[in-house]
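Since the model is a prediction, treat every value here as computed from it, not as a measurement. In what follows, chains are A, B, ... by sequence order, proteins preceding strands, each numbered from 1.
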There are 2 protein chains.
Amino acid sequence: MKENTKLFKALSDPNRLRILKMLQSKSLCVCEITDVLKLATSTVSKHLSILKDGGFILEQKNGKWVNYLINPRPSDPRISSLISTLDFWISDDQLIISDKQKVQKVDRFKVCSR
Amino acid sequence: MKENTKLFKALSDPNRLRILKMLQSKSLCVCEITDVLKLATSTVSKHLSILKDGGFILEQKNGKWVNYLINPRPSDPRISSLISTLDFWISDDQLIISDKQKVQKVDRFKVCSR
DNA sequence: TTTACATTTCGCCTTTATATGAAATATAAA
DNA sequence: TTTATATTTCATATAAAGGCGAAATGTAAA
């Protein structure tokens, strides 16, 4: 039963939902996400590993950065279903809207190394 | 954002998933559910209130019993979507299968008052 | 090969969830 | 109206989740 709750658990944290919604706009590295959420890097990294473990996102190493993106072709159809549901799920939330605006402007060369 | 995670949180506990799957077979009172899950009555009552608060189930008072049933017409379309997803979600789980078998046989007049 | 930077892992603390038994509430039967 | 039964609420203990900073890891630039 643990496996069955894993997907729902991954989606039941507000910051992880924010991350997923941001990644639906654009793939991002850890420090860009950190800059938007205003959390410790280690915290963001942990959230990302939970989303990755659940199969919602993928990582792509690019030099010293690690880019995260929505998994475009999840093996588990339940994940595809949940991801596409999220498309219209919380689009009206003010926090999600402002996150998306920040994501458009974020620049890893300005944001990182501080 | 709290409101947005509420639905996922309600589904991210194994015992609550078991309850939902049982109720998909048949509406049940608290002591019948307690008998199958082997948890304290107060614990089951709490789980039911979380599922009810999320909009997944309804309660119908019947004398000294309170019957719970899957919400047949949820106002929130996301709930309908999640409930129907659960139909095929974890039908292969051994625990869910044995729960459903127990639910067929359970008799509140034998099970309650002990 | 140092040095700098991005990320992950670790240990620890705080908060939230889940579980319980006892007490409170509600209804039905005696 | 007492008594019994079903459920909820409360106080509380334990487990799990989420947060942080420091140390460890991996890569790139100097």
*Quickly work out the B/Asp13 CG to D/dA17 P distance and round it to whole Å.*
11 Å
*Does NZ in A/Lys46 sit with more than 12 non-hydrogen atoms of other residues, nucleotides or ligands closer than 6.0 Å?*
no
_Looking at every heavy atom in both A/Leu51 and A/Ala10, which two are closest together, and how far apart are they?_
CD2-O, 3.9 Å
*So what's C/dA30 paired with, Watson-Crick or G-U wobble, going by both distances under 3.5 Å?*
D/dT1
*Distance-minimising heavy-atom pair for B/Ile19 and B/Leu37*: CG1-CD1, 3.7 Å
*D/dA4 C1' sits how many Å from B/Trp65 CH2, rounded?*
12 Å
*Length of the line joining A/Glu32:CD and C/dA6:C1', which is rounded to integer Å*: 12 Å
*Salt bridge A/Asp53-A/Lys6, side-chain N to carboxylate O under 4.0 Å*: yes
*Let me know the distance between CD1 of A/Ile50 and P of D/dG19, rounded to the nearest Å.*
9 Å
_Need to verify one output field. Residue with the more 5' nearest nucleotide on DNA chain D, B/Phe109 or A/Asn62?_
B/Phe109
*Length of the line joining B/Asp35:CG and D/dT7:P, which is rounded to integer Å*: 12 Å
*asked:* Nearest to the side chain of B/Lys64, heavy atoms from C-beta on, is which of D/dG21, C/dT18, C/dA28?
replied: C/dA28
*With no hydrogens and no angle check, is any side-chain donor or acceptor of B/Ser81 less than 3.5 Å from a backbone partner on B/Pro77?*
no
*Is there a residue in residues 15-25 of chain B whose heavy atoms reach under 4.0 Å of DNA chain C, and which residues are they?*
B/Asn15, B/Arg16
_Does A/Lys9 reach a base, just sugar-phosphate, or nothing at all? Heavy atoms under 4.0 Å._
sugar-phosphate
*Side-chain contact, heavy-atom cut-off 4.5 Å: A/Asn71 with A/Ile79?*
no
*Passes side-chain contact (heavy atoms from CB on, under 4.5 Å), A/Met1 versus B/Ile96? Steps please.*
CA-CA 9 Å; A/Met1 281 300 290; B/Ile96 296 295; 4.0 Å; yes
_Quick check on D/dG19: is either OP1 or OP2 less than 4.0 Å from any side-chain nitrogen or oxygen of A/His47?_
yes
Give me, pair by pair, the N or O atoms of the protein and of nucleotides 8-15 of chain C that are less than 3.5 Å apart, along with how far apart they are.
from	atom 1	to	atom 2	distance (Å)
C/dT8	OP1	A/Tyr68	OH	2.5
C/dT8	OP2	A/Ser45	OG	2.7
C/dT8	O5'	A/Ser45	OG	3.3

_Rounded to whole Å, how long is the line connecting atom CD1 of B/Ile33 with atom C1' of D/dT7?_
12 Å
*asked:* Please report the distance, rounded to the nearest Å, between CD in B/Gln60 and P in D/dT7.
replied: 14 Å
*asked:* Which residue is it: B/Leu69, B/Leu28, B/Val103? I am looking for the one with a side-chain contact (heavy atoms from CB on, under 4.5 Å) to B/Leu23.
replied: B/Leu28
*Using whole Å, report how far NZ of A/Lys6 lies from P of D/dA16.*
17 Å
_Side-chain heavy-atom pair A/Thr5, B/Leu11 within 4.5 angstrom cut-off_ = no
